[in-house]
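Basis for what follows: all heavy atoms, side chains included, without hydrogens, waters or symmetry-related copies. Note that ligands are numbered from 1 as they come in the structure, with each ligand's atoms numbered from 1 the same way.
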Amino acid sequence: MRLLVRGVSVALMNTARRIMLSEVPCMAIDEVVIIENSSIIHNEILAHRLGLIPLKTDLDSYNLPEECPCKSEFGCNLCRVALTLEVEAGENTMTVYSEALRSENPNITPISDKVPIVKMAPNQKIRLEAYARLGKGKKHAKWQPVSACAYKHLPQIKINKKKCNACGKCIEICPKRVLVKAEKGIEIQKPLDCTLCQDCVDVCPQNPPAIEVSEEENSFIFNIESTGALSVERIVLEALKILDKKYEDFLNQIAVEGQ
Ligand code: SF4
Ligand code: SF4
Ligand SMILES: [Zn+2]
C-alpha cells in the first residue's frame, strides 16, 4: 500500500513505521518438537526455517502468550496453534513445501503453499509438531507483519519556464525518469517517483538552475508491504491503536505522578 500522508511531523511518521515493524503482532512458529529427522538438515535449521514461514494471522481470536489468561508456559487454544509435518521421500529426492504443514486451525496456515522447507534424499523422513504463537517483531523478525515499511518526503519540483532553454540534460540524468520533453520545454511526468537526488539541479547549465527540487514540508509518501500475515489495512489500524494506547498510558502516568 502506498499512502500519501499530509500534515504530520517526521516524529509521528517514524513512530508509526517503528510500531508496524516491531509492535503489531502476527503469528509465527515458535517451538518445534522433532520426533524424527533423518534428512541432512539439522533440527535447529529446520526449526528456524519453519519459524520464518509467514502464517495467516487471526488477531481477533488469539491472545499474545503473555496476555493470555491461561498463564501457562505451554499455552492453550487461545494462544497457541499446533501444526504437524509428516513427510517421507520415496525412491526419488523430494522438496518439502509449506503446503505439507497441517494446521489444527484451517484459518492459521502458511500464506503460500510454495515456501520450500527442506530437500530430502530417497527414504529420508521427517516427523514433527510445531507450535505457532502471536509475537512481536521487536523480539524476533519472524513476527514482523511487514516485509517493507518506509516513507520518504513528498517531492516538490519547480521548473522556471522563463529560464529553461529545454536543453534536456535534466531528463537524461534523472534515474527515475520523472521528467519528459514536452512541446513547450520540460514537463513533470511522475513526481512521486522522485528520490530528491538533486542530479537534475546539478546538471542544469543555467545559473541559478532553472529547476528546483525540494521536499514538501510535513508531507510524506508511506510504502507498506505486508508479508501476507495480515492485510495492510489491519496493520495500519493496529499500529494506530497501539499508538493511542501508548499516549493513554503516558497520560495516566502523568496523572499518578501529579497526585
Ligand atoms: S531530484 Fe533526482 S529523481 Fe528527482 S527529478 Fe531530479 S534527477 Fe530525477
Ligand atoms: S537542464 Fe535546466 S535548462 Fe536544461 S531542460 Fe532541464 S531545467 Fe531546462
Ligand atoms: Zn493461553
Please check this pair: side chain of [X] against backbone of [Y], looking for a donor-acceptor N/O pair closer than 3.5 Å.
X: R17; Y: A150; result: no
X: T57; Y: L59; result: no
X: S98; Y: S112; result: yes
X: K119; Y: S39; result: no

Look at the rings of F220 and Y151 and say which category their plane angle falls in: under 30° parallel, 30 to 60° tilted, over 60° perpendicular. perpendicular
Is C164 close enough that one of its N/O/S atoms sits under 2.8 Å from atom 8 (Fe) of ligand 2? yes
Relative to atom 6 (Fe) of ligand 2, which among G185, C170, G168 owns the nearest non-hydrogen atom? C170
Using a 4.0 Å heavy-atom threshold (strictly under), name the region of I186 that reaches ligand 2: side chain, backbone, both or neither. side chain
Should the proximity of A166 to ligand 2, defined as any heavy atom under 4.0 Å, be assigned to the side chain, the backbone, both, or neither? backbone
Show me which atoms of ligand 2 lie under 4.0 Å from any heavy atom of P205. 1 (S)
Write out the residue and atom name of the closest protein heavy atom to atom 4 (Fe) of ligand 2, then the distance separating them to 0.1 Å. C167 SG, 2.3 Å
To the nearest 0.1 Å, how far is atom 2 (Fe) of ligand 2 from its closest protein heavy atom, and which atom is that? C204 SG, 2.4 Å
Show which atoms of ligand 1 fall inside a sub-4.0 Å distance from at least one heavy-atom site of C200. 1 (S), 5 (S), 6 (Fe), 7 (S)
